[in-house]
2 protein chains.
Amino acid sequence: MARIKTENNLTRKEVIVAKAATLFREKGFKAASMRDLAEAVGVEAASLYNHIKSKTEILHELCFSVANRFLHKIDEVEAEQTSSIIKIEKLLRFHINEMIHHYEEVYVSDREWKHLSDPYLSNFQNQRRIYRKRFAAIIETGIIENQIKKIDAATAVLIMLHAISGIESWHRSTQKITADELEENMISILVGGLVNR
Amino acid sequence: MARIKTENNLTRKEVIVAKAATLFREKGFKAASMRDLAEAVGVEAASLYNHIKSKTEILHELCFSVANRFLHKIDEVEAEQTSSIIKIEKLLRFHINEMIHHYEEVYVSDREWKHLSDPYLSNFQNQRRIYRKRFAAIIETGIIENQIKKIDAATAVLIMLHAISGIESWHRSTQKITADELEENMISILVGGLVNR
DNA sequence: AAACATCGCTAACATTCGTTAGTATATTAT
DNA sequence: ATAATATACTAACGAATGTTAGCGATGTTT
């Protein structure tokens, strides 16, 4: 009888959720079956249900744990007494590092939240909308204070957030620059643009 | 007996593929069933198979028709005798407009290609990789010619391509700026950056 | 109007899916 | 050692999936 191996103080549920993140990223939520997950964990499919309520519950856990980290961060950044540019850069760096170091979860939360079911779905969409509005508000302040050029703040937010999700390609690429180089390049391009001056 | 309505010189197959694009975008390839598609088309599921070979064939058609449009465009742009910055801007504008006006197809091609099956899958991945290398090569030329600041070209490409996929959010948003405004804002931010100077 | 091809229908198929019930085994607490 | 709890197993379920076969209806050509 093959028990789920737990290490580093993880509960068995956490092991399952972590493996699920990898699987959901690789195949997508719908295409990843509970039998796939069971195999990855080293156990029979039915045994998973001793630890989780349902497949969808795993997605809940992933999506909301990621969302909460971003919400806490923007709370923290908003409270700071710094310029808008610095606030934006801090948020971007946080996004970049989350995407680099918690790749699987962040990616799944980003791409698979559609498969949540109500009331979690509307909940998640709301949080997302509000987060982006708060991000846009920081940019708008920067525009008013003349630190940021006159652009549509909402468009700037969607550009930046989606640009960061491109780190997916970095993860998959064979000839990687280092994580630090990636971070600096992204900040340089997103904040400063492409052109030389 | 409900026949598939064809208008604007579309074959019935093209009608099916177009409806499928919408459906695949909304629910994802795996979650969208042939019975869903049949309902959207106004026919029974089995009837679809008079026009298409399989569900996956629809995905092939979508992915490769989009990929071919981008390949033709980069052929055209590479052949021009213009600066790297202008070439990049032209490619970006093409991407933006494709995403605005052929939203469903482009989005599906971007997000659902994973569900292609070999040999189409490796084929698609190859095309994608080569396209990005050609894009990166243009950026590298611009760096050498000092028009573009010293950045990692591959990172710049992934930022730009993923940023553009963010137009998805624009489509979904209720308070839209116009398509032209969106295009100008995106070019301004991606090429020129955020900061005011 | 007859012949032919196109198209849509019903019915059914083999798989795969998430999940539950019931039972056996391992671990922990007494 | 014994009891209690946690965990895994086998077997099976009903539902949904992509797809095929066979037949009848529609549209087109002669």
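So you know, we letter chains A, B, ... as the sequences are listed, proteins then strands, and number each from 1. Computed from heavy atoms alone, side chains included, the values below leave out hydrogens, waters and symmetry copies.
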Length of the [atom1]-[atom2] vector between [X] and [N], whole Å:
X       : N      : atom1 : atom2 : answer
B:Arg12 : C:dC9  : CZ    : P     : 12 Å
A:Glu39 : C:dC17 : CD    : P     : 12 Å
B:Asn50 : D:dA25 : CG    : P     : 16 Å
B:Lys13 : C:dT6  : NZ    : P     : 14 Å
A:Leu48 : C:dT19 : CG    : C1'   : 11 Å
B:Glu14 : C:dC7  : CD    : P     : 13 Å

Looking at B:His51, does any N or O in its side chain come under 4.0 Å of the phosphate oxygens OP1/OP2 on C:dT6?
-> no

Judged by atom type as modelled, is there a donor-acceptor pair below 3.5 Å linking the side chain of A:Asp118 to the main-chain atoms of A:Ser122?
-> yes

Of all pairs that satisfy ring-ring contact (aromatic ring centres under 6.0 Å, His included), the ones with a partner from [range], not counting sequence neighbours:
range                       : answer
residues 134-189 of chain A : A:Tyr103-A:His171
residues 50-89 of chain B   : B:His60-B:Tyr120, B:Phe64-B:Phe124, B:Phe70-B:Phe94, B:Phe70-B:His95
residues 18-42 of chain A   : A:Phe24-A:Phe29, A:Phe29-A:His115

Which atom pair, heavy atoms only, marks the closest approach of B:Ser33 to B:Leu23?
-> O-CD2, 4.3 Å

Minimum heavy-atom distance between B:Met99 and B:Ser165, given as atom pair plus value = CE-O, 3.5 Å

Under the side chain to side chain contact (heavy atoms under 4.5 Å, CB included) rule, collect the residues that match up with B:Glu44, sequence neighbours excluded.
-> B:Ser47

Reading nucleotides 16-21 of chain D from the 5' end, what letters show protein touch, with B for base, S for backbone sugar-phosphate only, - for no heavy atom under 4.0 Å?
-> -BBBB-

Salt bridge flag under 4.0 Å for residues A:Arg25 and A:Glu168 | no

Describe, as an angle rounded to 10 degrees, how the axis at the first end of the helix from C:dA1-D:dT30 to C:dT30-D:dA1 is tilted relative to the axis at the last end, five pairs per end.
-> 20°

